[in-house]
Amino acid sequence: MTLHDRKQAFVTLGKFLGQFATLPPQKAHDVSENDAFFEPMSVLVERAIHHNGWFTPEQVAFACGSWHEALATDNLDKWLAPYQLEDLSPRKIALILAGNIPLVGFHDLVSVLIAGHTALVRLSSNDNQIVPLLTRYLTAVEPRFADRIVFVDSKLEGYDAVIATGSDNTARYFEYYFRNKPAIIRKNRNSVAVLDGTESKEELFALGDDIFRYFGLGCRNVSKLFVPEGYDFKDFFEAIFPYGSVIQYEKYANNYDYNKAVFLMSNFKLTDNGFLTLKEDVSYASPISSVFYEYYSTRETLAVRLVGDADRLQCVVGHGYLPFGKTQRPELWDYADNVDTLAFLSGL
């Protein structure tokens, strides 16, 4: 199977996923294998919330739409251009996937397969419904993928390299357990926004998507704001008001009530708008339904701080950084933890 063959299979998969970017899904008539897979996928999108209460149909549809855009021919060509993937010796790559947001580990799987390797996949129990169906679809489109995708529930064995995603705690275990194999081990990361007070209403509204998409559960979600001394949050709260419907989701509302109560009982000073609390805090990781903030004196000193904390940050948004509203719309070449997955895979 040539690189061209693999790429074309993923282009077809992207077209298939595009049908599920809207609710209800819109069935197309020019998508390969659609008669066999459209209805099963529609059911999974609708019922994902029953398996994982955070996976609402809207959030799953957004993930499908993001992958539809990512797997367009032009994007794949741009992504793959810097690498020599045509004649790599096939390796077996163990993948330990996260499950905090829909399809969060799919990039690792795509990377392994597009490089011509075999994926030994350990799924998270929080996201183990849609990925298997997508791999069955991929195999239907390109049968030669059939022996390149193996789902593993028991002990991982016979692998040549590892890509594992987890928390800081699990990373210590991974680093020890996989110490004798080439590995990418991912830890906790958070994303921040740098505000300077000149943001437009449209930019602050877009920042709301960086905060609330996937209910804030992803490492690319903004969990902290850096603001200039004396910053007035009035414009920020007005701009994000349209996201207030997030409080209608029971799991989010429960977290909002609980975390707000904990903060208040601890006599922390809060700013609150009924669905989001702001708390001044030096930490990067805020709980669900809350965003931390910290004042800065100069952009120069803040920039030095952010460079020094680069290994703790996934995204920085703001003027001079990633545009507002883009954190949950990564390109194929926006690698998690800034570790080039394809370079790793092509160098084995």
Side-chain angles (χ1 to χ4, degrees), residues 167-168 186-244 246 255-256 259-260 262-264 266-330 334-339:
S167 65
D168 288 347
R186 304 199 185 101
K187 305 176 182 179
N188 288 341
R189 294 249 179 167
N190 295 101
S191 296
V192 303
V194 177
L195 305 183
D196 58 24
T198 68
E199 291 77 20
S200 67
K201 182 177 180 180
E202 291 74 20
E203 287 176 318
L204 292 175
F205 175 76
L207 173 59
D209 192 72
D210 296 327
I211 294 171
F212 294 106
R213 176 65 59 190
Y214 303 125
F215 301 105
L217 288 165
C219 64
R220 300 182 68 88
N221 285 107
V222 168
S223 58
K224 181 167 185 171
L225 308 177
F226 284 100
V227 297
E229 294 175 351
Y231 183 83
D232 186 347
F233 286 99
K234 178 177 177 291
D235 290 342
F236 169 75
F237 274 130
E238 288 181 354
I240 68 168
F241 181 77
Y243 295 95
V246 70
N255 276 270
Y256 170 80
N259 290 317
K260 181 178 177 180
V262 169
F263 288 154
L264 292 175
S266 301
N267 292 319
F268 290 124
K269 181 181 178 182
L270 296 180
T271 304
D272 173 37
N273 69 348
F275 59 90
L276 180 73
T277 58
L278 290 180
K279 175 179 177 288
E280 187 174 1
D281 199 299
V282 297
S283 300
Y284 286 120
S286 60
I288 296 170
S289 77
S290 181
V291 169
F292 291 159
Y293 69 91
E294 188 175 341
Y295 294 106
Y296 66 87
S297 55
T298 68
R299 293 273 299 207
E300 291 74 20
T301 56
L302 177 59
V304 171
R305 159 104 176 261
L306 296 177
V307 170
D309 288 345
D311 62 344
R312 302 168 61 189
L313 301 175
Q314 193 68 257
C315 302
V316 179
V317 300
H319 296 155
Y321 298 99
L322 188 68
F324 295 105
K326 296 296 185 181
T327 65
Q328 292 298 350
R329 293 172 168 82
D334 291 329
Y335 294 106
D337 294 13
N338 295 315
V339 177

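- Using a 4.5 Å heavy-atom threshold, the side chains of Arg299 and Val194 count as touching.
- A distance of 11.5 Å separates CZ in Phe237 from CG in Leu204, rounded to the nearest 0.5 Å.
- With sequence neighbours excluded, no residue forms a side chain to side chain donor-acceptor pair (under 3.5 Å) with Asn338.
- Taking OG of Ser223 as the start and CG of Asn190 as the end, the distance is 4.0 Å to the nearest 0.5 Å.
- The CG atom of Leu278 lies 7.5 Å from the CG atom of Asn273; values are rounded to the nearest 0.5 Å.
- Sorted by first then second residue, the salt bridge (Lys or Arg N to Asp or Glu O under 4.0 Å) pairs that include residues 279-289, not counting sequence neighbours, are Lys279-Asp281.
- Sorted by first then second residue, the salt bridge (Lys or Arg N to Asp or Glu O under 4.0 Å) pairs that include residues 320-329, not counting sequence neighbours, are Asp209-Arg329.
- In this view, Ser266 satisfies the side chain to side chain donor-acceptor pair (under 3.5 Å) rule with no residue, not counting sequence neighbours.
- For Arg220 (side chain) and Gln328 (main-chain N/O), no donor-acceptor pair under 3.5 Å exists by modelled atom type.
- In terms of heavy atoms, Val291 sits closest to Ser286 at CA-OG, 3.8 Å.
- Under the side chain to side chain donor-acceptor pair (under 3.5 Å) criterion, Glu199 pairs with no residue at all, not counting sequence neighbours.
- Tyr256 has its side chain out of reach of Val246: every pair of non-hydrogen atoms, C-beta onward, lies at least 4.5 Å apart.
- Residues Val222 and Phe324 have side chains not in contact (no heavy-atom distance under 4.5 Å, counting atoms from C-beta outward).
- Every residue two or more places apart in sequence or in another chain that forms a ring-ring contact (aromatic ring centres under 6.0 Å, His included) with Phe205 is listed here: Tyr243.
- Residues forming a ring-ring contact (aromatic ring centres under 6.0 Å, His included) with Tyr214 (at least two apart in sequence, or on another chain): Phe62.
- To the nearest 0.5 Å, atom NZ of residue Lys269 and atom CG of residue Leu264 are 13.5 Å apart.
- With Lys224 contributing its side chain and Ser283 its backbone, the two residues share a donor-acceptor pair below 3.5 Å.
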Side-chain donor-acceptor pairs under 3.5 Å in residues 306-316, sequence neighbours left out?
unit_1: Asp309; atom_1: OD2; unit_2: Tyr284; atom_2: OH; d: 2.6
unit_1: Asp309; atom_1: OD2; unit_2: Arg305; atom_2: NE; d: 3.3
unit_1: Gln314; atom_1: OE1; unit_2: Asp337; atom_2: N; d: 2.8
unit_1: Gln314; atom_1: NE2; unit_2: Asp337; atom_2: OD1; d: 3.1

Trace of the side-chain contact (heavy atoms from CB on, under 4.5 Å) decision for Leu195 with Tyr293: CA-CA 10 Å; Leu195 305 183; Tyr293 69 91; over 6 Å; no
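- Smallest separation of non-hydrogen atoms from Lys187 and Asp168: CB-OD1, 3.1 Å.
- Considering only heavy atoms from C-beta on, Ile240 stays 4.5 Å or farther from Leu207 through its side chain.
- Contacts of Ser297 classified as side chain to side chain donor-acceptor pair (under 3.5 Å), with partners at least two apart in sequence or in another chain: none.
- Phe215 has its side chain out of reach of Asn255: every pair of non-hydrogen atoms, C-beta onward, lies at least 4.5 Å apart.
- For the ring-ring contact (aromatic ring centres under 6.0 Å, His included) test, residues two or more places apart in sequence or in another chain that qualify with Tyr231 are Phe233.
- Residues forming a salt bridge (Lys or Arg N to Asp or Glu O under 4.0 Å) with Asp235 (at least two apart in sequence, or on another chain): none.
- A search for salt bridge (Lys or Arg N to Asp or Glu O under 4.0 Å) contacts involving Lys234 returns Glu238, not counting sequence neighbours.
- In this structure a side-chain-to-backbone donor-acceptor pair under 3.5 Å is missing from Asp210 to Asn221.
- Side-chain atoms of Pro228 and Tyr296, non-hydrogen and from C-beta on, do get closer than 4.5 Å to each other.
- Residues Thr277 and Asn259 have side chains not in contact (no heavy-atom distance under 4.5 Å, counting atoms from C-beta outward).
- A donor-acceptor pair under 3.5 Å links the side-chain atoms of Thr301 to the main chain of Thr298, judged by distance alone.
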Stepwise side-chain contact (heavy atoms from CB on, under 4.5 Å) check, Phe236 with Val227: CA-CA 11 Å; Phe236 169 75; Val227 297; over 6 Å; no
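- Judged purely by atom type and a 3.5 angstrom limit, Ser191 uses its side chain to pair as donor or acceptor with the backbone of Cys219.
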